[in-house]
Amino acid sequence: MNALLVKDEALRIEALNQYEVLNAAPDPVLDDITRLAAQVCNTPVAAISLIGSDRIWVKSRYGIESTEVSLGSLPCETTIMGDTVYEISDARNDPDYAPDGIQMDGRAYRFYAGAPLTTPGGVSIGALLVLDHPSRMLSPEEASALDILARQVITRLELNARIRLMDRAARSRQRVESALTVERNFVSAVLDTVGALVAVFDPAGRVVRFNRACEIASGYDFHSLVGRYVWDKVIPRQDVPDAIETFERIRSGNFPTSFENQWLNRDGSLRRIAWSATALLDTQGQVAFIIATGIDVTTQRSAEATLRESEARYRQIVEGSLGMVCTHDLRGNLLSINTHGASTLGRAVEEIVGHSLGEFIESDQRPGIENYLNTISETGEAQGMLRLLHADGEVRVVAYRNKLIAVAGRSPYVLGFGVDISEQVRAEGRLRDLTRQSDSILESVGDGIYGIDLDGNVTVVNAAAAQMLGYKPDEILGRNMHQLVHHTRADGTPYPEEACPIRKSLTNFDTVRISDEVFWRKDGTSFPVEYVARPQIDMHSSDTGGAKAVGVVVAFTDTTERRALDRMKDEFISTVSHELRTPLTSLRGALGLLSGGALAARPEKMQQMLDIAISNTDRLVRLVNDILDLERISSGKTEFHSTMCSAEDLLRRAAGVQQARAPKPNIRIFFAAHGVNVWADPDRVMQTLNNLISNAIKFSPPGSEIHLTARNLDENEALIEVRDQGRGIPADKLEHIFERFQQGDSSDSRALGGTGLGLAICRSIVQQHGGRIWATSEVDKGTTFHFTLPTRPSNNLR
């Protein structure tokens, strides 16, 4: 690089002075070169800058108004440091012009390209520059053209300088013609080197210049068209009026302008050309030439037409789809949606496009959008279900399958296809609800329920049935129910399946009710059952064209407790009838004698009858009180007032009460409870002790002993015992004596009196305290009743 380009500013100022260019009038040729530079480089701004000592002079300009700018405003000073085209693709990233870019006339430009203006003596005096708003780079052809134009600027300056040095009066015309020749040669060279179509026309529309690209597009060489109207040869006949009208607009001052037209090639083919045209004016401001630069866009327009046709078919398919078809970017913003998809949400297309997916998704599902976007970005696809909000607030369930689409030259996007399955989901939900309701009913019913198919195999069974039969539900499902639980009659004889009423219901379509059969448990024991079997009927069987049995549902009940209750009821009626009839009979006889006056003369006999009536009345009162008392305690209606009390004091009081009731002769009662305290209701414990001691006295022979004891089992529980020396209770009766109306022998109520409720009352009272009660006995040696009570308020020993 010549050192003068960098260091010797004096040489540059001297060269500028020699050219006499800084204060010279505008040079149309330089303006034309500037405008041509803008057209060739396809930029909105071009200028010839000259670097002075204190500013940059804008000698010629296109697209800007400024005639001078301060040093450093343009990269020209950097441009003259080299001998080739200097470019800045994005001035916002250049440290000298960041962050706003290059500022001219209040506008910002990102792209700069400049060719140094170097004199034949090697001094760079400025630059031929172009500016553009977007970031870009020149093509090699454009850079070469700019460099050539820069040399032509110097050529023009040199020419002007030489003309001035010559005889300005006599030889000015000769020098101007020489300069024009150079210019024409330059223009020809430039035109034939660029890839764009360049054509020059005179004001009448005749061809003046035609570059090589135009020859290729038209099929004619320059000499075939020069001096002829362009529409004579290369414009299709039907397009000639439009071509003439366009030319007239340009000639009338409507320039620069852009337009497209068709050229008819010599071989008959049509080419589509996109033009940008402007006018060159003479010194009087009249149009001297019209310059048009064009690009052959035939292939591009054909591809665009094919694309539009493809897009039309695609849109027709999309719009005709009964599904939801949409696209969105990788941030979830909707780019498009078909009409059916928008109507699925009760909205118009424009109400959805441009909005985020999250706006149409239930709030509780919105956190999942980020996971969905990450999944489709990483894997390229995603599928599932979305709960979308309809415009009326209803939720629509859409099953989707989406794919990531990546196209070169544009941002990737997601293509989504969905189907509205709301009705299906709701139907499935109703079916699930019905199934759960059916299952809940089956599980909540206390009766056993099972269903069998035509082969007798179990298809459904509830927990109650499995529990009654001693199986787990899984052990029953799929097995033949008759062979499993109904194989034998109550008397032990085999029960053939063909004789089973359940099996017969399949053929006669009748509901069967049976109350006297047995089912067999897993452990081999049987229990009495009552069951109802109802066939399941398909009223629209495709095989028969009518009704057909498809299975049987059986509901059964274990009647063991009911039969026991029936027996208890009979015994209760027998006991209560005896207990009521006996005192009532005595009471009626005594009162009858008194009312008839038969004992009026015998006062002592009358008193005896009154005593009998009072005694039997008391017996009836006790029976009624025991029944009512047991019911209140068992149902929890009786309040218990627990307190810490001495077991010894309770035993002493209970023994005193029984001895005061004139017990059997010579029966002695002993008690011992040293230091035992219980947390209990004293009155209810006394009631329990009185019942137990009364029973002990009742079943003890004269001269025997009754022992009352209390001791601590541990720190939480105490044990109280009532032991007699009576005849004892058989072992098989020990568990039943605490039930209602039960005694060691059913004849006891008749021989010794009593309701059979005393021990049941004792059990209820002890259980209400959180304790336990039981009996141990040896026949002919005596019986001991045991019960426990808590020793602390917080204990619950049940």
Q: Under the side-chain hydrogen bond (donor to acceptor under 3.5 Å, both in side chains) criterion, do Ser224 and Asp221 qualify, and how do the steps go?
A: CA-CA 5 Å; Ser224 300; Asp221 59 25; 2.5 Å; yes

Q: What residue among Leu50, Thr34, Ile33 forms side-chain contact (heavy atoms from CB on, under 4.5 Å) with Val153?
A: Ile33

Q: Take atom OH of Tyr220 as the centre, draw a 6.0 Å sphere, and report whether it contains more than 12 heavy atoms from other residues, nucleotides or ligands.
A: yes

Q: Between Phe247 and Asp202, what is the shortest heavy-atom contact and its length?
A: CZ-O, 3.4 Å

Q: Which pair of non-hydrogen atoms, one from Met104 and one from Leu131, has the smallest distance, and what is that distance?
A: CG-CD1, 3.9 Å

Q: How close do Leu128 and Ala150 get, counting heavy atoms only, and between which atoms?
A: CD2-N, 3.5 Å

Q: As an exercise, state the distance from CG of Leu71 to CD1 of Ile56, rounded to the nearest 0.5 Å.
A: 5.5 Å

Q: Asp96 versus Pro75: any side-chain heavy-atom pair under 4.5 Å?
A: no

Q: Is it the case that Asp239 and Asn261 place a side-chain donor and acceptor less than 3.5 Å from each other?
A: no

Q: Would you check if Leu30 and Leu157 make a side-chain contact, meaning some heavy-atom pair closer than 4.5 Å?
A: yes

Q: Can Thr293 and Ser276 be counted as having a side-chain donor-acceptor contact under 3.5 angstrom?
A: no

Q: Run the side-chain hydrogen bond (donor to acceptor under 3.5 Å, both in side chains) test on Tyr372 and Asn402 for me, step by step, so that the C-alpha distance in whole Å, both residues' side-chain angles and the decisive distance to 0.1 Å come before the verdict.
A: CA-CA 10 Å; Tyr372 156 74; Asn402 298 353; 2.7 Å; yes

Q: Taking the inter-plane angle between the rings of Phe360 and His355 on a 0 to 90° scale, is it parallel (under 30°), tilted (30 to 60°) or perpendicular (over 60°)?
A: perpendicular

Q: Taking Glu304 first and then Arg272, would you say they form a salt bridge - that is, a charged N and a carboxylate O separated by under 4.0 Å?
A: no

Q: Examine the side chains of Thr119 and Tyr19 and answer whether a donor and an acceptor come within less than 3.5 Å of each other.
A: no

Q: Should the pair Phe210 and Trp263 be assigned to parallel (<30°), tilted (30 to 60°) or perpendicular (>60°) ring geometry?
A: parallel

Q: With a sphere of 6.0 Å drawn around CD of Gln103, does it hold more than 12 non-hydrogen atoms of other residues, nucleotides or ligands?
A: yes

Q: Any salt bridge linking Arg35 with Asp31? Criterion: basic side-chain nitrogen under 4.0 Å from a carboxylate oxygen.
A: no

Q: Nearest heavy-atom pair of Pro134 and Asp132: which atoms, and what distance?
A: CD-OD1, 3.1 Å

Q: Tell me, yes or no, whether the heavy-atom count around Arg401 atom CZ, taken from other residues, nucleotides or ligands under 6.0 Å, exceeds 12.
A: no

